[in-house]
2 protein chains.
Amino acid sequence: MEVGVYLLHRLEELGVKSLFGVPGDFNLGFLDLVEDYPGIEWIGNCNELNAAYAADGYARIKPGSVGAVLTTYGVGELSAINAVAGCYAEIVPVVHIAGFPDLEMQKKKPIMHHTLGDGRYNIYTEAAALITYSQTTLNNPDTAAAEIDRVLSDCALQFRPVYIALPTDVAYLKIASDRLRIPLPRAAAPNSALAESVVIEEIVKLIEQAKGDVAVLVDVGAVRYNVVEEVKAFVEETGFPVYATSMGKSIINEAYERYGGLYIGQLTRPEIKGMIEDAKLILYIGALKSDLNTGNFTTKLDVARTVELHAATTKIKFSEYPGVGMKALLPKLTSALSPFDKSQTLSIHVPKWTYPLPQEADEVISQNWLWSRMREFLKPKDVIVAETGTSAFGVQDIPFPKDAVFVSQILWGSIGWAVGSTLGAALAAREKGLGRTILFIGDGSIQLTVQELSTMLREGLTPIIFILNNTGYTIERAIRGENRKYNDVANWGWTSLMKALGDVDGTRSKSYTVKTKTELDSLLNDEAFANAGVMQLVEIGGMRKFDAPYVLKVSTGKGETW
Amino acid sequence: MEVGVYLLHRLEELGVKSLFGVPGDFNLGFLDLVEDYPGIEWIGNCNELNAAYAADGYARIKPGSVGAVLTTYGVGELSAINAVAGCYAEIVPVVHIAGFPDLEMQKKKPIMHHTLGDGRYNIYTEAAALITYSQTTLNNPDTAAAEIDRVLSDCALQFRPVYIALPTDVAYLKIASDRLRIPLPRAAAPNSALAESVVIEEIVKLIEQAKGDVAVLVDVGAVRYNVVEEVKAFVEETGFPVYATSMGKSIINEAYERYGGLYIGQLTRPEIKGMIEDAKLILYIGALKSDLNTGNFTTKLDVARTVELHAATTKIKFSEYPGVGMKALLPKLTSALSPFDKSQTLSIHVPKWTYPLPQEADEVISQNWLWSRMREFLKPKDVIVAETGTSAFGVQDIPFPKDAVFVSQILWGSIGWAVGSTLGAALAAREKGLGRTILFIGDGSIQLTVQELSTMLREGLTPIIFILNNTGYTIERAIRGENRKYNDVANWGWTSLMKALGDVDGTRSKSYTVKTKTELDSLLNDEAFANAGVMQLVEIGGMRKFDAPYVLKVSTGKGETW
C-alpha cells in the first residue's frame, strides 16, 4: 500500500469524509490517490486559509472526529498557518498535510520555486512546529506508518492540530498495511485509580454538604475534549442548575429546563449571576479562562467553593489532582451519586432565559431587535456560526432552540474565519443529519474570505448567510476610532455576489436585501425562505453605524445607548 | 514625538506613501497616528495576505523605496506570512509592522484573544524571524528609535523584508526626534578599494580579449538591488548585446536595439541561444539561478568565460571577490571602458525579438495567438503584472514595448499574489506617472485573492484585468492530472464581479466577456477600451482546456501540440 493511501485509511478511521485544500505541484501526486480513494471526498477550496478554516469548522461539528487540510509546499502551507494556529488555540483537532519536495531534492537543495532561495528547505516545518502539537516529515518509508500513527494519535487524543510533511515521492512508496489492523488509540490514558477514587469521594462529600445548591458551569473543554454525553448524563441525574460560558454556549441544550443561560462575569444577566457565584458548590467543567470567555476576567468564582474538571486534571478547591481527567471521571461520579435525591436541587428555581422582542417605534433594524427576532427564527438542530465581532456577541444575547449548535472562535478571534468554517460545518452537518447551517457575519469580516461562498454553492450546500451591513468594522468602532476612516469598508453589491461566485443563471441561490424591521420580519416569516433548499444570502442593511449587541456595548464601555 | 510617529517619519523617508493593511484592536491606536500623518495614506485592505501582496507590488515598482504593511497581533500577522516570505525569496524590501500587546500584558500573559491560550506571547515573532531579514519588538522607548533605524536600514540596504512588533502603548510613548536629522543610510558598505581595482582591471582585460563578443545577461538582482541605471549606462556605453532572464525581463527596455530577448536555457529562442552561450565573455548581472529562471536548470554558461556581478560580491571565472558589489563597481567599470570603441561590438547583429500573430483558421483564442495579440495591445510604460501559471509563461513569449515594466513572482510562485500585487503596483504606478497597469491572471488563481479588486475600485485605480478562463488550474494540468477533477475550479459569473465588489451602479468599471479571436481583437482595437479611465475586467473565455504558452508546454514536456 502506498504511504499516501495508508494516510488516507487512517484519516478515514478518524472520521474524515471530506478533505479540504488547494492543489499545488508538490501535492498533485497525493491528490491522485485522494481522488481514487472511495471513502474521502476532495473539497477543492478557493484558497488555503479558507480551506483550513473549513477543516476547523468540520471538526467542530463532529466531536470525536478530526478535520484535515492539504496544501502545497511553502506558499500553500504558510497561507493556512493562521487557521491552523487558531485550531491550536481553540483545541480543534485538525491534520495539516503539506506537500513536500522529494528525497533527492531535499538532499541537493536546488533553488526551487516555493523555496526562499537559500536552501532552507525545512523552514516551513519549523514554522508549523510553533503552532501545532506534533509534526512529522515522512522521509523514511520504514517508519512512515508509525509516524503517521503517532501524529494522528496526538491529534485525536490531544485535540490539537498536527502537521505532516509528505514528500512527493514518498507518497507513492509501498509499505506494509499490517498496522491498519490495529485501530488508533482513541481513549486517553486511564486515570490514576487511587487518585480518582479520592477525587470522587471528595466531590461527593462536597455535593452532599451543598444540600442541592450546586451550580454546574459548562465551558468549551466539554465539547472539545468530547465529554458532552458524560456531562449531560451527570446534569440529568442530579438536576443541578446548569450554565454555560460564552465558548460553552449550546453544549447543554439551551431549551433544557434546568439550564439558566450564560455566565460571563459582570456581563451575566442579574437574575442568574448570584445563583452561580453564590452557590454552595460550583462544578466548572472544561474551563478556558480567556478574556472574552470571562467577561474580560470579571468572573468571580470563589476557589474555596469550586471544583474544576479538566481533560487531564481535577482541581478541588485549592488542591490539584493531576492524572484525573474528566472523560473517565464524570461517569463514575454520576454512578457514585446515583440514584440522586433531586428534591433539594429541584427546589432551586432556574429562571428561564428569554429575550422578548423589544418594542421600538422605528423601522431601523437595531441590534437589540435583530437578535431577539433571530431567536424566533432559529430551529432545533440548526448549526449557528457567528463571526467574531457583533455577530458572536449578538447570539450570546439569546437562547438557542433545542440541540442547536453554536460555532464561534471566541479565543482566537480571526475575522473571516466564519466563512470557511461555515463550509466545513455545513458539510459536517449534512453528514450528521443536523438542521440548517446559518452564518451571521458583518460586511467587514466577510470580505476577508468571501470567495468560499462559491465552494458552498459548488458542493450543493444550502446555508443561510446573514450579512450585517453597517459599513465597517463595528466591533472596532466600539473599541476605538468610532469616526475613523480606517474602520470603514467599501460597500459591496451583496445581492450580485452569488451570481459572481458561480450562480450564473440564478437557479442555485437566492439573495435578498432587507432594510427595515418589517422587511426582515416578513422574510423570516416566509416558509419558503426558512426551508429554501438552495443557498441564501441576506444583506441586512440600514443598520446604525453606532449600535452593537448588549454584551459588546457594555464590555467596551459604550453603554447601552451607543 | 510618539514612537509611532517616529516610525512613520522613517517610513516616509524610505519612500512609503501608501501603507497597506487591516485594522485590529492591537493596531488601532497606531492607526490613529497613521490617519493623522499627512505624508502617508492608509490603504485598508480586505485581508492581510492581500495587503502584504500589495506592499510587495508597491515596492517592486519603486526600486529604492520600501513597501509597508500593518497587521494586528497573531491572527493578522500570520495571515500575511506567506506574502512576507515571498518578499524574502524574491528580494523585495517590505516592512511588516504588527500590533503587539502592551507592556503590562506581556508581563502578565493573560489568556487574551489572538493568543494560543498558553502564554507564548512571542511565538508569532519567532515565526516572523524565520522569513524576515531582521526583527525588533519595540518594548523599550529608550532604544525604540535606534531599533526602528536598525531594521529599516536592513530593509533598505538588504532589500529583504523586516518585522517590527509595536506594542499598543509604546506606539504612544514620547521619544526624542533628534535622530531624524540624520537620514537612514541608503548606500551599501563601500567596496574594498584594492579588490575593486583588481576586479576592474581583470574585467577590462577580459573585455578586450573578447574583441567585442561580449554578451550581457541581466537578471532580477539588477532591479532588486537597484542598479538598473548603472546597468543601462554600461550597456549603452559598450553597445554589447544584452539579454534578460525570465525574472530579469523588462529591466532592459525591450525595445532597445541591442536587446535580444530572454535567455532561459533550453527554452531560449534558437536564434539567440548560441549568441549567449558561445560568446567569448558573458557578463551576468544580478543572477538568481532558480528552477523557473533557468529553464529548469538548463542554462549552459561556461564558467571559464563568465563574470558574475552580484550585490556584495563579484565572480570572475572560478574566483570570487567578496566585498566587491555591483552598485559601486558598475559605474567605475563603465568609466574605465569609456570612451569605448563599439566597432567590433556593433558588427555583431542582434536579431530582433518578434512574435508575429500566428495564422490560425479557427476562432478559438489559443495561447499562441493570445500573447502575440497582446503584444500589439501593450504600450510604452505599461506595468504588466502576470500571475504565476500560464500568464507568467505567456508574457515571456513576447517582447514588451519601450519602458514597459514586468512584475511577476517566478521564484516564490504563490498563486493569488498577482491580485494584491496589482493593487500595490497600480498605486505606485500612479505615483510615478507610469502607464496603465495590466493584470493577466487565470480563473483559478484569481479566486484566491479576488476581493482585492474592490480596493482598487475604492482607490479609484484603473487597471485592466484579463482573466484567462480555462476552467481550471492549467499549469497544474500541464504538470499532472490533466483530466483530474482536482484541477477544475468553479465557473464564476465574471462580468457580475465588479458590481458585487462595489461598483453597485456600474459607473466605475466596465466588464466584458470575449470568446473569439474577433471579439478580443475588436475590443483591443477599441480606443475607448484602451484608455477607459475606469477599472476594466475582461473574461477571455472559450479557451481550450489543454493549451498553454509555448515555454510552458515545452518545459512540462507536453510538446507544442498539447
Side-chain angles (χ1 to χ4, degrees), chain A residues 23 25 28-29 31-32 35 42 44 46-47 49 75 78-79 81-82 85 88-89 110-117 123 126-127 130-131 288-292 297 411-414 416 447-448 450-451 454 458 473 476 479-481 484-487 490-493 496-497 499-502 504, chain B residues 23 25 28-29 31-32 35 42 44 46-47 49 75 78-79 81-82 85 88-89 110-117 123 126-127 130-131 288-292 297 411-414 416 447-448 450-451 454 458 473 476 479-481 484-487 490-493 496-497 499-502 504:
Chain A
D25 62 340
L28 297 180
L31 269 171
D32 281 3
E35 204 166 300
W42 170 246
C46 293
N47 68 38
L49 181 64
V75 294
L78 291 182
S79 286
I81 199 167
N82 169 26
Y88 190 93
I111 307 182
M112 282 287 299
H113 64 287
H114 302 346
T115 74
L116 294 168
I123 205 85
E126 288 177 40
L130 295 170
I131 51 90
L288 197 166
K289 299 172 188 171
S290 80
D291 54 351
L292 298 179
F297 307 116
L411 171 55
W412 190 242
S414 180
Q447 294 190 3
L448 281 91
V450 65
Q451 51 270 84
S454 101
R458 197 195 59 211
Y473 302 114
E476 291 180 1
I479 296 169
R480 189 181 182 122
R484 288 288 186 174
K485 279 184 291 174
Y486 60 70
N487 279 331
N491 195 34
W492 285 12
S496 302
L497 190 61
K499 183 171 185 182
L501 298 184
V504 180
Chain B
D25 62 339
L28 296 180
L31 269 171
D32 281 2
E35 205 167 299
W42 171 246
C46 293
N47 69 37
L49 182 65
V75 295
L78 290 182
S79 285
I81 199 169
N82 169 27
Y88 190 93
I111 306 182
M112 281 288 300
H113 65 287
H114 304 344
T115 74
L116 294 168
I123 205 86
E126 288 178 39
L130 295 170
I131 50 89
L288 196 166
K289 299 171 188 172
S290 80
D291 55 351
L292 299 179
F297 305 117
L411 171 56
W412 190 241
S414 181
Q447 294 190 3
L448 281 91
V450 65
Q451 52 271 84
S454 98
R458 196 194 60 208
Y473 302 114
E476 291 180 1
I479 296 170
R480 188 180 184 124
R484 288 287 186 174
K485 279 184 291 175
Y486 59 70
N487 280 329
N491 194 35
W492 284 12
S496 302
L497 190 61
K499 184 171 183 182
L501 298 183
V504 180

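Residue numbers start from 1 in every chain, and the chains themselves are labelled A, B, ... in the order their sequence lines are given, proteins ahead of strands.
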Checklist line | Derivation of the side chain to side chain contact (heavy atoms under 4.5 Å, CB included) call for B:Trp412 and A:Thr115 | finding: CA-CA 6 Å; B:Trp412 190 241; A:Thr115 74; 5.8 Å; no
Note to self: Just so I understand: if I count every heavy-atom pair under 4.5 Å between each of A:Ala127, A:Pro110, A:Gly44, A:Ser454 and chain B, which residue has the most?
What the structure shows: A:Ser454
Checklist line | Largest heavy-atom contact set with chain B, pairs under 4.5 Å, which of A:Lys499, A:Lys289, A:His114, A:Lys485 | finding: A:His114
Is the backbone of [Y] close enough, under 3.5 Å, to the side chain of [X] for a donor and an acceptor to pair up by distance?
{"X": "A:Asp291", "Y": "B:His113", "value": "yes"}
{"X": "A:Asn47", "Y": "B:Leu448", "value": "yes"}
{"X": "A:Asn82", "Y": "B:Leu78", "value": "no"}

How far apart are the closest heavy atoms of [X] and [Y], and which atoms are they?
{"X": "A:Gln447", "Y": "B:Gln451", "value": "O-NE2, 2.9 Å"}
{"X": "B:Val75", "Y": "A:Ser414", "value": "CG1-CB, 3.5 Å"}
{"X": "B:Pro23", "Y": "A:Glu476", "value": "O-OE2, 3.1 Å"}
{"X": "A:Leu116", "Y": "B:Ala85", "value": "CD2-O, 3.4 Å"}

Among the options [options], pick out the one with the most heavy-atom pairs lying under 4.5 Å from chain A.
{"options": "B:Tyr88, B:Tyr473, B:Trp492", "result": "B:Trp492"}
{"options": "B:Met112, B:Glu35, B:Glu126", "result": "B:Glu35"}
{"options": "B:Leu288, B:Asn487, B:Asp25, B:Leu130", "result": "B:Leu130"}

Item checked: Point-to-point distance, once rounded to the nearest 0.5 Å, from CG of A:Leu497 to CG of B:Leu501 ->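 Rounded to the nearest 0.5 Å, the CG-CG separation comes to 7.5 Å.
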Notebook entry, point to check: How many angstroms lie between atom CD1 of B:Ile131 and atom CD1 of A:Ile123, to the nearest 0.5 angstrom?
Noted result: 9.0 Å
So which part of [X] gets closer than 4.5 Å to some heavy atom of chain B, the side chain, the backbone, both or neither?
{"X": "A:Leu292", "value": "side chain"}
{"X": "A:Arg458", "value": "side chain"}
{"X": "A:Val504", "value": "side chain"}

Notebook entry, point to check: Any side-chain heavy-atom pair from B:Leu49 and A:Ser79 closer than 4.5 angstrom?
Noted result: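 Yes - at least one pair of side-chain heavy atoms lies under 4.5 Å apart.
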Check: Does A:Arg480 have any side-chain contact (heavy atoms from CB on, under 4.5 Å) partners at least two apart in sequence or in another chain, and if so, which?
Finding: A:Tyr486, B:Leu28, B:Asp32, B:Tyr172
